[in-house]
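Working notes, beginning with the structure itself.
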Amino acid sequence: MKNIKYLFIFLGLLALVSCTKDFEDINTNPNSPSAVQPSLLLRQVIYDFGENMSYEGFVAGDLLSQHRTALDFNLFDRHALKSPQLGGNPWPVFYTNLRDNEIILNQSRTVETFSVYEGPALILKAYMTAGLTDLFGDVPYFEAFNGVNGTVTPAYDLQEDIYLNENGILDNLNKGIAAIEAYSDVTPLEGDILFNGDLSAWVRFANSLKIKHLLRISGQVDVSAELQTIFDGGNYITSNIQNAIFNFTNTDPNSFRLAQLRVGDFNNFVLSETMGDILTELNDTRIKTFFRPFSNSSTGEFNGLINGIDPSETSVNLSDYSLAGTPFREDTSSLDANFITAWEVQFALAEAAARNLIVADAQNLYETGVALAFNYWNTELPVDYLIGNAAFNAAGTTAVQQIITQKWIANVINGYEGWVEYRRTGFPELGTISASFNNDLIPVRMPYPAEEDALNNENYTIAAVATDDNSINVKVWWNE
């Protein structure tokens with residue numbers, strides 16, 4: 001009896017070993033690829049990041065920069081940034097796409113036929129990383145994006161190191177350019193919905209990003225020589241036809257997301273009083289592109305609402321305020337997902353010239369930026385615009401204020417850029433919101449999301465202590 005018992009045990013173990021040995025073969029679908037082609041991933045990363053950040057720009061970024069005001073779901077508009085509503089949680093957008101981009105980068109370095117993707121992947125990594133750290137400050141970076149082979153609880157790195165260290169933002173931009181310039185094979189870059197595979201355009205993109213982010217850290221680092229070299233070289237985005245953008249359509253699934261949401265969500269956002277006042281003072285005709293006359297107007301007027309109202313104490317009639325214009329709902333084919341544009345680059349160079357960081361004609365750069373921005377938003381530049389209230393004034397800080405204000409106007413739905421530039425410069429002057437949850441202070445960083453406390457607690461705790469318990473009022477490194 002014992003021998004029979006041992007025989008059954010032996011046969012059972014033999015079967016288990018056999019099943020385990022064949023498990024991978026049995027459970028692998030031969031018709032399903034084990035790795036995603038980099039062309040498909042590149043398309044996905046560019047589209048997913050651009051679409052999500054355009055949506056975030058409308059429903060959250062535009063509230064922080066006071067382009068728009070929210071009516072009902074407005075805890076975020078009242079600066080309770082730990083309570084994201086229709087938007088306001090960009091953290092997973094960054095990390096999901098940085099993780100997928102890392103797959104492209106790894107493939108480009110391990111598969112010879114994919115080497116064409118290395119430069120663009122490095123540039124995209126720098127681009128998304130800069131957006132991430134500019135919002136949150138210190139973030140998981142050097143140990144992040146590779147949980148399969150690395151750690152799922154990465155340490156938080158200092159923003160200064162993320163910008164300046166090897167494999168950081170500026171280094172990756174330089175390495176991305178170098179990889180493209182060293183590429184000599186004939187395999188095309190596929191899946192590129194920004195530049196249709198034009199590698200020279202990626203170099204212009206990288207140089208444009210260097211201008212932007214060198215200026216952003218110029219309060220902490222001497223960037224004059226590098227900025228001057230890039231400016232003198234002239235190999236950056238200079239016309240709207242070169243912009244790093246992709247177009248939305250008028251049909252699902254590639255229309256702007258606000259066109260796909262219910263009308264109640266769309267009607268929750270109206271012209272901010274701050275935006276209305278600035279556009280009115282400048283006699284800026286873009287107000288007709290960005291917004292609609294309010295319904296109760298008999299003369300086509302526009303009316304804005306102060307940010308951060310308390311709906312339990314303030315009664316609002318939607319017909320008394322201007323809704324977003326038709327490009328954001330009925331005709332989204334006129335909208336772009338904006339990575340960086342010629343007008344943004346011109347304004348950055350104009351500011352650099354006004355601050356004596358480069359030797360250049362600040363007025364000419366400013367006026368070129370204004371013209372490009374009007375053209376980008378499909379609005380004719382009035383012949384008297386640049387000789388009226390928008391005329392360039394080189395005196396004192398006025399020039400910088402004018403430059404940043406024009407950049408702020410054009411930055412509608414461009415992620416959180418309007419708010420980031422306000423934090424850096426203090427321009428334009430934003431209004432005190434109506435019913436603040438933040439003691440009437442304009443936030444200067446995004447808070448780490450609650451899931452970080454749960455999933456990466458040890459490292460999160462260190463970062464939270466460094467930001468006064470994850471406070472939205474602690475400045476990031478380049479803004480200290």
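- The closest side-chain donor-acceptor pair between Asn459 and Asn456 falls under 3.5 angstrom.
- Ionic pairing of Arg216 and Glu417 is present here: one or more N-O contacts between side-chain nitrogen and carboxylate oxygen are shorter than 4.0 angstrom.
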Step by step, would you call Arg109 with Glu118 a salt bridge (Lys or Arg N to Asp or Glu O under 4.0 Å)? CA-CA 7 Å; Arg109 290 170 168 172; Glu118 182 176 11; 3.1 Å; yes
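- Going from atom CG of Leu271 over to atom CG of Leu279 covers 7.5 Å, rounded to the nearest 0.5 Å.
- Legend: residues meeting salt bridge (Lys or Arg N to Asp or Glu O under 4.0 Å) with Glu351, ordered by chain and number and at least two apart, are Arg355, Arg424.
- The side-chain hydrogen bond (donor to acceptor under 3.5 Å, both in side chains) search around Asp252 returns Ser255, not counting sequence neighbours.
- Side-chain contact of Asp198 with Ser200: a donor-acceptor pair under 3.5 Å is present, judged by distance alone.
- Going from atom CG of Asn74 over to atom CG of Asn268 covers 7.5 Å, rounded to the nearest 0.5 Å.
- Within the model, atoms OH of Tyr422 and NZ of Lys407 stand 16.0 Å from one another, a figure rounded to the nearest 0.5 Å.
- Atom CG of Leu173 sits about 8.5 Å away from atom CZ of Phe205, to the nearest 0.5 Å.
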For ring pair (Phe, Tyr, Trp, His ring centres under 6.0 Å), just list the numbers for Tyr448 and Tyr156, CA-CA rounded to whole Å, side-chain angles, deciding distance to a tenth of an Å, and then say yes or no. CA-CA 11 Å; Tyr448 302 124; Tyr156 283 62; 5.1 Å; yes
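- Of the charged side-chain nitrogens involved, at least one lies within less than 4.0 Å of a carboxylate oxygen, so that Lys210 and Glu226 count as a salt-bridged pair.
- Side-chain atoms of Trp478 and Asp134 include a donor-acceptor pair closer than 3.5 Å.
- Checked by atom type, the side-chain pair Asp171/Asn165 shows no donor-acceptor distance below 3.5 Å.
- A cation-pi geometry, defined here as NZ or CZ lying under 6.0 Å from the six-membered ring centre and within 45° of its normal, does not hold between Arg68 and Phe76.
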